[in-house]
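Let me begin by presenting the structure, written as structure tokens, before commenting on it.
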Amino acid sequence: METVKTINPSKVSDNVKVLIEASPLRGSNGIIWGPDNKLYVGSVWHDAAFIVDPETGEMEKIEGSRGTDDMAFHPDGRLFFNWITTGLVGVMDTDGKVSVAEKLKLGNDGIAITKDGRIFISGQFADSHLYEIYPNSNKEPRMITDEGMRMSNGMDIGPDGKLYGSSWVTGEAIQIDMETGATTMVGDKQGAILSAAKFNSKGELHVMDAALGVIYKVNRENRTFELVAKTPYPATDNFCFGPDDRIFNTSAGDGYVHEITGMDSHRVIIPGGLGLSGGVTLLEKNGEQSLIVVDAFAIREFDPSTGVAINAVRGITMATDVGWMLTVSPYGDDSNQVVTSSWSQNFVKLWDTNTNSMIANFANFKFPTNAIAPRKDMIIFCEIGGAVKRFSPVAPDKATTLAEGLKQPFGLVYDNGDLYVSEDLGGRIVQILDDNQVIEPKVIKDGLSSPQGLAIADGKLYVVEAGKGQLLAIDLSSGDTKTVATGMEFSTGKLELSNTKNWARSSVAISGNTAYIGGAGAGNVYKVSL
């Protein structure tokens, strides 16, 4: 197994520093206690599963694992994984070899295995079925039930040998008949987003509320919840019990692993941080600059000088308006509002960073990879299929096409009526507006390796050349190109749902002699002296 590493500091140019660090886990999901007294933790954003020492925090990637939402040990010692964005169920044999055990619909999420080795898997978000699978035979998976919004993100087998889950949306703890699919509500809390259900050694059922980041003990006789632990932030994902009923929990929003040591106390095992950092932008708020970073499960605000966190609004899938934001830009000259986009959740949104609320959601476009708003009456966005379009927020159904046939367009920058676009897969920067007039795409620079984020400052077009981990400056008058910074790590390649580590593209924001760059890869946000 390979120890997790980030970028090699020796390759980073002297004018680059990591301003905001990613979590080592890049988002943490399913968590279980292993027979070797180690924690096993899944990470969808890191596209892997890890073995974590609960005392030291030392972690190892399980080679061959994919983006794991949940996992469970079989009585024979094998480890089964749910690779949620592919529908694959993985298995690690006792010799450490990982292979595919079964293929289900995309969205396979919760998993529970009985003492006699029966394996049950629940779908969530993209699917809502409950299955029993038979990986040791040629028998097809058995679909037991479709519970819709009541299906569980994290399940467990109770001391009575029955299957228990927690409803993501309806706030119910449920018992599920593994033969008929009939469900019995055993606990209820309106407004809760129940992300996991687990039993301790006493046979007591506990559930996690991701909306508040708390854990309740369920009284199954009177169907009530008792608060037993609080975590630092909402957008938690899962938890497990270790020996002596020690409680460990994960956070999809912040990517940490903690041991819960009391009602309001915890011990850090793996520190939190950014998970899938995407867009970055700067806002002038009350005479001070703020750095806004979107991080898939959160929109965050930092001090651009120090990288100290100021604010964060964490999102919960299917329950909050944050969604999976992947880009962010100022909304006109507004000091508080931004425009965001997400190709993975298919939206362009307007967001107010002052009220921490959504202003509008435009969800009728085809996988927008990026969006900017030079003015409040004009939003420009590009689609994964190759089009660049423009619309007014008051008439989103009347979007006009500015260009088509580009190869995964991403970077957008508008300056005094001129619009430039980067082709992530085409290796080019093209101009498609000249003095606000649509023109045939004019090549500004080609032969680049995955050009992504764009910005203009002092007559120079700055380009994040993600394939080479560097920032370029192109003089728009002479065409001369200069390499400004090197050694950064970004994501490249075709955008597709099955490759979660690759969902975000790089972007760049410039203030004075400083550039701020984000965009997956190592998950960090970089600060570059120009």
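Side chain of Thr68 to main chain of Gly42: no donor-acceptor pair is present (N/O by atom type, distance under 3.5 Å, no hydrogens or angles). In this structure, Ser277 contributes its side chain and Gly523 its backbone to a donor-acceptor pair below 3.5 Å. Formation of a donor-acceptor pair under 3.5 Å by the Ser290 side chain with backbone atoms of Glu301 is not found in this model. Although no hydrogens or angles enter the test, the distance criterion places no donor-acceptor pair under 3.5 Å between the side chain of Glu465 and the main chain of Gln470. A distance-only check finds no donor-acceptor pair linking the side chain of Asn82 to the backbone of Ile84 [under 3.5 Å]. Between the side chain of Asn346 and the backbone N or O of Phe365, at least one donor-acceptor pair lies under 3.5 Å. In terms of modelled atom types and a separation under 3.5 Å, the side chain of Asp352 and the main chain of Asn354 share a donor-acceptor contact.
A side-chain donor from one of Ser511 and Gln289 sits under 3.5 Å from a side-chain acceptor of the other.
The side-chain heavy atoms of Glu259 and Pro54, taken from C-beta on, include no pair separated by under 4.5 Å. At a threshold of 4.5 Å between non-hydrogen side-chain atoms, the residues Met358 and Asn361 count as touching. Side-chain atoms of Lys376 and Tyr331, non-hydrogen and from C-beta on, do get closer than 4.5 Å to each other. Here the side chains of Tyr462 and Val413 are not in contact, with every heavy-atom distance at 4.5 Å or above. Side chains of Ile384 and Lys366 form no contact here, defined as non-hydrogen atoms less than 4.5 Å apart. Here the side chains of Val280 and Ile292 are not in contact, with every heavy-atom distance at 4.5 Å or above. The shortest side-chain heavy-atom distance between Val484 and Asn15 falls under the 4.5 Å cut-off. With a 4.5 Å cut-off on side-chain heavy atoms, Tyr420 and Ile456 count as touching.
Within 6.0 Å of CG in Asp458 there are 12 or fewer heavy atoms belonging to other residues, nucleotides or ligands. Enclosure of atom CZ in Phe367 is not indicated, since only 12 or fewer non-hydrogen atoms of other residues, nucleotides or ligands lie within 6.0 angstrom. Other residues, nucleotides and ligands place no more than 12 heavy atoms under 6.0 Å from the CG atom of Asp14. For NZ of Lys285, the number of neighbouring non-hydrogen atoms (other residues, nucleotides, ligands) closer than 6.0 Å is greater than 12. Summarising the local packing, CG of Asp333 is surrounded by 12 or fewer heavy atoms from other residues, nucleotides or ligands at distances under 6.0 Å.
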Yes or no on side chain to side chain contact (heavy atoms under 4.5 Å, CB included) for Leu476 and Asp415, after CA distance, side-chain angles and deciding distance?
CA-CA 12 Å; Leu476 287 172; Asp415 182 58; 5.6 Å; no
Start with the C-alpha gap between Glu423 and Lys407, add the side-chain angles, then the distance that decides, and say whether salt bridge (Lys or Arg N to Asp or Glu O under 4.0 Å) holds.
CA-CA 5 Å; Glu423 291 183 87; Lys407 296 180 179 179; over 6 Å; no
How far apart are the C-alpha atoms of Phe248 and Phe239, what are their side-chain angles, what is the distance that settles it, and do they pass the side chain to side chain contact (heavy atoms under 4.5 Å, CB included) test?
CA-CA 5 Å; Phe248 303 88; Phe239 72 105; over 6 Å; no
Apply side chain to side chain contact (heavy atoms under 4.5 Å, CB included) to Phe490 and Met488, showing your working.
CA-CA 7 Å; Phe490 304 111; Met488 296 168 283; 3.6 Å; yes
Pair Leu326-Leu276, side chain to side chain contact (heavy atoms under 4.5 Å, CB included): steps then yes or no:
CA-CA 8 Å; Leu326 296 175; Leu276 196 73; 4.2 Å; yes
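Scanning for salt bridge (Lys or Arg N to Asp or Glu O under 4.0 Å) contacts around Lys389 gives Glu383, with sequence neighbours left out.
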